A.B. asks: 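Below is the structure I would like to discuss, written out as structure tokens.
All values below were derived from every heavy atom in this structure, side-chain atoms included, with hydrogens, water molecules and symmetry-related copies excluded. Note that the structure is a prediction, hence the values are computed from the model and not measured. Below, read A as the first sequence line, B as the second, and so on, with proteins coming before strands; counting in each chain starts at 1.
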2 protein chains.
Amino acid sequence: MNSNSAEHTDRGIEDAPDGDCCTASHSLTDEALLDDVAMLSAVGNETRYETLRYVAGAGQAGACVCELPPLVGVTQGTVSNALSRLLEAGLVSRRKEGRWRYYTATTEARTLLLALDTIQEGSDE
Amino acid sequence: MNSNSAEHTDRGIEDAPDGDCCTASHSLTDEALLDDVAMLSAVGNETRYETLRYVAGAGQAGACVCELPPLVGVTQGTVSNALSRLLEAGLVSRRKEGRWRYYTATTEARTLLLALDTIQEGSDE
DNA sequence: TTCAAATATTGGAATACTCAAATATGTATC
DNA sequence: GATACATATTTGAGTATTCCAATATTTGAA
């Protein structure tokens, strides 16, 4: 019932970039696509995004888990889970120091957050 | 039960950037934070991310809805819902033309996708 | 070893999300 | 008008998320 897509390649758009008229495409491998989605969905949650922002705000020194629960406003267990998920997505790295663990934002995370800052800037000018 | 965060400001990290030792912070307003999360969670889904990639791949001409279902591999209704959600998140804009509708990626979306490309590049060198 | 602090993991109830199917709303052509 | 096509919206069943509470683990100090 959904084979009607080749039917109107003759539409009135002439400024198509180069190549076929209206066949959209993208150049991501399936793996890259899934990686991106995993990363984006990891940050696409208020608790995790705010946690990541705090971690990134702590710079190279990193943020220790214990200071985050009151800042983010969730339980210690929730923060720990959030950090684990961010770690798995490659957005933070972990460093042991005594009985504490310091989480630091990765380059990937910084790139992403910078892009988001850029977007926010553009939205009010 | 969770007031134990001020208790170890005397930890052994001396390379703190500037200012207080271990108090993490971030400078986002609550509104900006929610905006970002809305945007990120909109793209943090395989169907919507792939849809956005196809739309962005179609350039300024935009992609019409009818060509997307077979490309993304979901129903027409699902694509339509995906586009609505992307529209609400400010990632695509819509243009009517006859009985078709063309969706175009916004500047915000392009900035985000570019950042993701940068991140992917960095991951294999 | 015993204790306490820091962090991780698990269980589970409430909630939210996903997507196809069905239906509704436009829009051009006849 | 009527008809057919393009798109949007609604519905609902299945599934996944979210976050707290409770428990487990790890670690340093006594």
A.B. asks: Reckon A/Thr78 has a side-chain N or O less than 4.0 Å from the OP1 or OP2 of D/dC20?
C.D. replies: yes
A.B. asks: Calculate the interatomic distance between A/Leu40 atom CG and C/dC17 atom P; express it in whole Å.
C.D. replies: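 For the pair A/Leu40 CG and C/dC17 P, the rounded distance is 16 Å.
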A.B. asks: Between atom CG in B/Leu83 and atom P in D/dA6, what is the gap in whole Å?
C.D. replies: 16 Å
A.B. asks: Indicate whether OP1 or OP2 belonging to D/dT7 is found under 4.0 Å from a side-chain N or O atom of B/Lys96.
C.D. replies: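 For D/dT7, OP1/OP2 do not have a side-chain N/O of B/Lys96 under 4.0 Å.
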A.B. asks: Has the side chain of A/Ser41 got a donor or acceptor atom that lies under 3.5 Å from a matching backbone atom of A/Gly44?
C.D. replies: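 The answer is no, because no donor-acceptor pair under 3.5 Å joins these two groups.
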A.B. asks: Taking OP1 and OP2 of C/dT18, is either one under 4.0 Å from a side-chain nitrogen or oxygen of B/Asn45?
C.D. replies: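 Yes, such a contact exists.
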A.B. asks: Can you tell me how far the CD atom of B/Glu108 sits from the CG atom of B/Asp35, to the nearest 0.5 Å?
C.D. replies: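 One gets 10.5 Å once the value is rounded to the nearest 0.5 Å.
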A.B. asks: Taking for each residue the nucleotide of DNA chain D bearing the nearest heavy atom, is the 5' side occupied by A/Arg99 or by A/Thr47?
C.D. replies: A/Thr47
A.B. asks: Under 3.5 Å, is there an N or O donor on one side and an acceptor on the other linking the side chain of A/Gln76 and the base of C/dA8?
C.D. replies: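 Side chain to base: pair present.
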A.B. asks: Which nucleotide in the list D/dC20, D/dA6, C/dA6 gets nearest to the side chain of A/Thr75?
C.D. replies: D/dC20
A.B. asks: If you compare every side-chain N and O of B/Ser84 against the phosphate oxygens of D/dT9 (OP1, OP2), does one of them come in below 4.0 Å?
C.D. replies: yes
A.B. asks: Would you tell me if any nitrogen or oxygen in the side chain of A/Arg101 comes within less than 4.0 Å of OP1 or OP2 on C/dA8?
C.D. replies: yes
A.B. asks: Provide, to the nearest angstrom, the distance between the OH atom belonging to A/Tyr49 and the P atom belonging to D/dT18.
C.D. replies: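 That distance rounds to 16 Å.
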A.B. asks: Whole angstrom is fine here: how far is it from CG in A/Leu68 over to C1' in C/dT7?
C.D. replies: 12 Å
A.B. asks: Starting at CZ of B/Arg85 and ending at P of D/dT9, how long is that distance when rounded to a whole Å?
C.D. replies: 15 Å
A.B. asks: Side chains of A/Tyr102 and A/Arg95 only: does a donor on one sit below 3.5 Å from an acceptor on the other?
C.D. replies: no
A.B. asks: Return the value, rounded to whole Å, for the distance between atom CD of B/Glu46 and atom P of D/dA16.
C.D. replies: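 Rounded to the whole Å, the gap is 13 Å.
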A.B. asks: Please determine whether the number of non-hydrogen atoms from other residues, nucleotides or ligands lying under 6.0 Å from atom CD of B/Gln120 exceeds 12.
C.D. replies: yes
A.B. asks: Got B/Thr47 and B/Thr78 here, is their nearest side-chain heavy-atom distance under 4.5 Å?
C.D. replies: yes
A.B. asks: Rounded to the nearest angstrom, tell me the gap between atom CZ in B/Arg95 and atom C1' in D/dA6.
C.D. replies: 15 Å
A.B. asks: For a quick check of understanding: with a heavy-atom distance under 4.0 Å over all strands, which category does A/Gly98 fall into, base, sugar-phosphate or nothing?
C.D. replies: sugar-phosphate
A.B. asks: Please determine if a side-chain N or O atom of B/Arg94 lies less than 4.0 Å away from the OP1 or OP2 oxygen of D/dT7.
C.D. replies: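 No, outside the criterion.
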A.B. asks: Does C/dA6 have its OP1 or OP2 closer than 4.0 Å to a side-chain nitrogen or oxygen of A/Tyr102?
C.D. replies: no
A.B. asks: Ignoring backbone atoms, establish whether B/Tyr103 has a side-chain N or O less than 4.0 Å from OP1 or OP2 of D/dA6.
C.D. replies: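 Result: no.
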A.B. asks: Under 4.0 Å between any heavy atoms, over every strand shown, what does A/Asn81 touch: base, sugar-phosphate, or nothing? Just pick one.
C.D. replies: base
A.B. asks: Kindly determine whether B/Arg53 and B/Asp117 satisfy salt bridge (Lys or Arg N to Asp or Glu O under 4.0 Å), including the steps that lead there.
C.D. replies: CA-CA 11 Å; B/Arg53 279 288 181 184; B/Asp117 290 342; 3.0 Å; yes
A.B. asks: What's the CD-C1' distance between B/Glu88 and D/dT9, to the nearest Å?
C.D. replies: 13 Å
A.B. asks: Would you please confirm or rule out a distance under 4.0 Å between OP1 or OP2 of D/dT18 and any side-chain N or O of A/Arg48?
C.D. replies: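 Indeed, a polar side-chain atom of A/Arg48 lies that close.
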